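For reference, the structure is listed below as structure tokens.
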Protein chains: 2
Amino acid sequence: MVKNTGRAGYLQIADDLRAQIRGGSLAPGTPLPSTAQLAEQYDASLSVVKMAVGILRNEGLVIGQQGKGVFVTDPDQTPAAGDTGGEVAELRAVVQDLSVRLARVEEQLATSTTPRSGRSSR
Amino acid sequence: MVKNTGRAGYLQIADDLRAQIRGGSLAPGTPLPSTAQLAEQYDASLSVVKMAVGILRNEGLVIGQQGKGVFVTDPDQTPAAGDTGGEVAELRAVVQDLSVRLARVEEQLATSTTPRSGRSSR
DNA sequence: TGAGCCAACTAGGTTAACTATGTTGGCTAC
DNA sequence: GTAGCCAACATAGTTAACCTAGTTGGCTCA
């Protein structure tokens, strides 16, 4: 399953699993196969599989529970790894502000343009 | 150097190096100390250091050259792992555009509602 | 039936060893 | 001076082994 494409085996596995997660084959909350099973499926060592899963964990796509397994995270509740979360939060705040202001403007326009005919054809 | 904070050693090292890179201590183009040196500095095994560096490599913060070393990447030229960087930049631009346009509309409204006293005291 | 024990299974971290590949500097020969 | 060789150094990937910690299910006993 791990091909000689020059791309490291652990990255290929991570790519494959990520594609499954992104593509919906592995839905949020779904447990991934165990490390042992993945090693068998991908014909790789446990260590390589662990590395691959570690990559996805750092990306926030999966979360592991000792003794239980590794589960696909819910994208709506994933803070997003790294500082991106902070940037996204910032953008959300700005968008929220714009939304409020725009609603206000729309309201003003709705009440102020009604009596003025000729201004409604924008 | 790797503390018993419950956070994995390799993650601590990655955090530390990331902070140095983000903080400017390690400028773009700068070579990181070698794996052997980092292992000594952080009192960890080669493998742990490699994992830490691997994390940073996946984040696009560093790039390695065999036989030479690992170098800090230039943030302006780093695509940022995945599409998140590009998407955030794009969203910023859109938000900025909306901000300007909304401010303009708000200004127009302010001037067109001036003759109507009682409506400006929002 | 419920509680306790334990084996099997699981994730995650750490370590050492090995391999492949590339870089660099010193040394030698021409 | 230049080219070639090689040891030392370096990155990156792979593997196996070990350890800690947690989960689960089956079995035994009260």
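Numbers restart at 1 for each chain; the letters A, B, ... are given by sequence-line order, proteins then strands. Bear in mind the structure is a predicted one, so any value in this text is a computation, not a measurement.
Stem list for DNA chain C (at least 3 consecutive Watson-Crick or G-U pairs, distances under 3.5 Å): C:1-30 with D:1-30.
Phosphate contact (OP1/OP2 of dG13(C), side-chain N/O of Arg57(A), threshold under 4.0 Å): present. Residue Thr35(A) places none of its side-chain N or O atoms closer than 4.0 Å to OP1 or OP2 of dT10(C).
Among all heavy-atom pairs drawn from Thr30(B) and Ala27(B), the shortest one is OG1-O, 2.6 Å. In this structure, Tyr10(A) and Ala52(A) approach most closely via the heavy-atom pair O-CB, 3.3 Å.
Rounded to an integer number of Å, the gap from Ile55(A) CD1 to dG12(C) P is 13 Å. The CG-C1' distance, from Leu56(A) to dG12(C), rounds to 15 Å in whole Å. When the C1' atom of dT14(C) is taken as reference, atom CE of Met51(B) falls 9 Å away, rounded to whole Å.
Within 4.0 Å of Gly9(B), counting heavy atoms only, lie sugar-phosphate atoms of the nucleic acid but no base atom.
With sequence neighbours left out, Ser47(B) forms a side chain to side chain contact (heavy atoms under 4.5 Å, CB included) with Ser45(B). Residues meeting the side chain to side chain contact (heavy atoms under 4.5 Å, CB included) test with Pro28(B), sequence neighbours left out: Asp74(B), Pro75(B).
Between Val53(A) and Leu38(A), some side-chain heavy-atom pair lies under the 4.5 Å cut-off.
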Expected list for residues 17-24 of chain A: side-chain donor-acceptor pairs under 3.5 angstrom, two or more places apart:
residue, atom, partner, partner atom, Å
Arg18(A), NE, Glu59(A), OE1, 2.9
Arg18(A), NH1, Asp15(A), OD1, 2.9
Arg18(A), NH2, Glu59(A), OE1, 3.4
Arg18(A), NH2, Glu59(A), OE2, 2.7
Gln20(A), NE2, Asp16(A), OD2, 3.4

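Listed in residue order, the members of residues 64-72 of chain A having a heavy atom less than 4.0 Å from DNA chain C are Gly64(A), Gln65(A), Gln66(A), Gly67(A), Gly69(A), Val70(A).
For a distance-only test at 3.5 Å, the side chain of Ser47(B) qualifies as a donor-acceptor partner of the base of dA16(C).
The line from CD1 of Ile55(B) to CG of Asn58(A) is 3.5 Å long, rounded to the nearest 0.5 Å.
The nucleotide range of DNA chain D contacted by chain B, defined by atoms under 4.0 angstrom from heavy atoms of the protein and reported 5' to 3', is dA10(D) to dG13(D).
Both Leu11(A) and Ile13(A) are assigned to one and the same hydrophobic cluster, defined by single-linkage of ILVMFWY side chains at heavy-atom distances under 4.5 Å.
Checking Lys50(A) against Ile63(B), the closest nucleotide of DNA chain D that is more toward the 5' end is the one next to Ile63(B).
Side-chain N or O atoms of Thr73(B) include one that pairs as donor or acceptor with a backbone N or O of Gly60(B) at under 3.5 Å.
The side-chain contact (heavy atoms from CB on, under 4.5 Å) test with Val72(B) is passed by exactly one of Leu61(B), Ile63(B), Leu56(B), Leu32(B): Leu32(B).
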